[in-house]
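Below is one structure, written out as structure tokens; the observations come after it.
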Amino acid sequence: MNLTQFNRILRQVFLLPVIALLITAGALYLQVRGANETVRLIQKADANIAQAAQVAKLIADEESGLRGYEATGDDRFLADFRQAEANIPAELDNLSSAVRLDPVQRDNLQDLLNEYQNWHDAFALPIMATVRAGGKANDVDLNLYGKTLMNKVREDLGAITKHAEGSRSVRIREWHRQVLNMVEALIAIALGMGVLIGLFTRSRLNAVSSAYRTSLEVLSHRAEEIFQSEQRLRTTLASIGDGVITCDFEGRIQMMNPVAAELTGWSQQEAFNCLLEDVFRIVNEKTGAVVETPVAKVKRLGGVVGLAHDTALIRKDGTRILIADSGAPIPDQTGEIVGIVLVFRDITLERRTQETLLANEKLAVAGRLAATIAHEIHNPLDAVSNLLYLLRTGGTEEESRQFIDMAESELARVTQISRAMLGLYRESRAPVPVDLKSILEDILLLMEHRFHELGVGIRTDLPSPVVVEAFPAELRQVFTNLITNAAEAASPGGEIHVSVTGAGGPGALVTISDNGAGIPEVVRSQLFRPFFTTKGEHGTGLGLWVSRGIVSKHGGRIEIASDTSAGSHGTVVTVSLSEKPEIATAAALPQL
Ligand code: ADP
Ligand code: MG
């Protein structure tokens, strides 16, 4: 159940009593209206009775006035008669309009009118006329007749009053019944609504409580899952071979695995909540300068970062180890960085191994070249000693000068070879401008004998100087490796082609191609792996690996394209170098 459903239930539970109360109020209103109508009818009956009483009083006044006049003959009694006589029609009118809807009363009233008129005309007026004429009005029969007429009038008035009283008491009974009904209905509605509200509320609350229980179960299930996943993660972290440290956003250490503890020399308890730079103190191996912490770097760049080469970790006891590491941000659900994870490993041994391998490869190249060079130097020296012999044994002056010229040119060749040889092993400390054309020429010169031995032809395309900033000895090593590979692949009877161009912009492109058998597909992916060779004992398998390390250190690229098809087999190796690369100061070898 979500929040909206919960709110709906709350609204229902609130609304139902309100609706129930409204229904009750409606029912009550109808009942009260009925009762009010009854009360109005009762009041009307009361008014009828009062009106009838008023008429009766006037008739009585009229009669007593008539009697007074009849007994005394005094006109003053007639005044009462006249006044009552004058008022009666209006009061009868009132009574008539009050009872006009009731047919029984209408009949009663009609009777009353007739009887009254009868009494008035047939008794009252003749008596008055007799008295006024001076006669006696005490005739017993006439008076009895008048009394009979008046009794009828009284009977009619009594009938009207009685009928009004009868309907009044019916109404009152009705009113009592209505009030009782109202109370009963009220009790019934209240009970019904109470039960309904109770049942409804109970069912809604049950729904809420079962939803609540389900959510609790889901939550506890999730908590269990999170716990398990955290356990898995902890076990994984504890058992991997790299050091792992996680920090919060401020760079305070929250967790480190056993390898990280061993590498830094800090125990996990000691390191907890310490700033990363206090525990993970890193400096440049060569300069000793403090290196930016991975936390700062990750925050600055906002992504995964690697560490610069030559980073050394100062352990707690002050000893140093070389490390390679990477840092990555830990994002929350919205992508905000909430922490940093750092992974690092000890590469001291790896680095030493690489350096040794590099030295070995240099020695191997030097060894191979030594024989070539001895041979190269031997030939001109032979020639010089032969020329010296000829000079000593004498000849014409003309011949001697010719011999000396020849000896000089042979010695110049020896000097050239020895300078090239020195160049190969003179290591400069910083990158210097290097002319690729002259480097390639030197190498080709030293290797002339070897080409001859292998029976390969050499074609060059070195039109003009192409200068880049580099470590010359290292580039010489690269090109010696690549040209040797080409010569070995092309022999015997093949041809290699070496060219350099400015590549139409800053930088240079050196191409070394051969028309050897080409490199089979299966071999290609392995070319740059250390110790991979197809030459058995004659190869070290380090040439390409070292070359790529040097070229990428110079910010360049080395690419190999090869074809093994029958008509157009051969291999093209291109080395692209930039004019002013940013060169890392130490050897940057690819990993083993
Ligand atoms: P190595 O020359 O000592 O074998 P490299 O690293 O120089 O080691 O070369 C690795 C392998 O690459 C060689 O053994 C060879 O099989 C292949 N290779 C390199 N250059 C060429 C090429 N120009 N033509 C054919 N194969 C080549
Ligand atoms: Mg090689």
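Sequence positions, counted from 1, serve as the residue numbers for this chain. Values reported hereafter were calculated over all heavy atoms of this structure, with side chains retained and with hydrogens, waters and symmetry mates removed. Both ligands and their constituent atoms are indexed starting at 1 by order of listing.
At least one N, O or S atom of N485, from either the backbone or the side chain, sits less than 2.8 Å from the Mg ion (ligand 2).
Enclosure of atom CD in Q268 by more than 12 non-hydrogen atoms of other residues, nucleotides or ligands within 6.0 angstrom is indicated.
Counting heavy atoms under 4.0 Å from ligand 1, residue I519 touches it through the side chain alone. Heavy atoms of D514 found under 4.0 angstrom from ligand 1 belong exclusively to the side chain. Contact annotation: for T571 versus ligand 1, heavy atoms closer than 4.0 Å belong to the side chain alone.
Ligand 1 is never approached by G516 to a heavy-atom distance shorter than 4.0 Å.
Nearest-residue assignment for atom 1 (P) of ligand 1 (options A517, G543, S513, G541; heavy-atom criterion): G541. When the heavy-atom distances from atom 15 (C) of ligand 1 to V572, T534, T564 are ranked, the shortest goes to T534.
Close contacts between ligand 1 and L527 involve ligand atoms 12 (O), 17 (C) [criterion: under 4.0 Å to a heavy atom].
With salt bridges taken as basic N to acidic carboxylate O contacts below 4.0 Å, one links D317 and R315. Using a 4.0 Å cut-off between charged nitrogen and carboxylate oxygen, E488 and R450 count as a salt-bridge pair. Under 4.0 Å is where a charged nitrogen must lie from a carboxylate oxygen, and between E355 and R352 at least one such pair does. Salt bridge E230/R234: present, at least one basic N to carboxylate O contact under 4.0 Å.
Judged purely by atom type and a 3.5 angstrom limit, D248 has no side-chain atom pairing as donor or acceptor with the backbone of G339.
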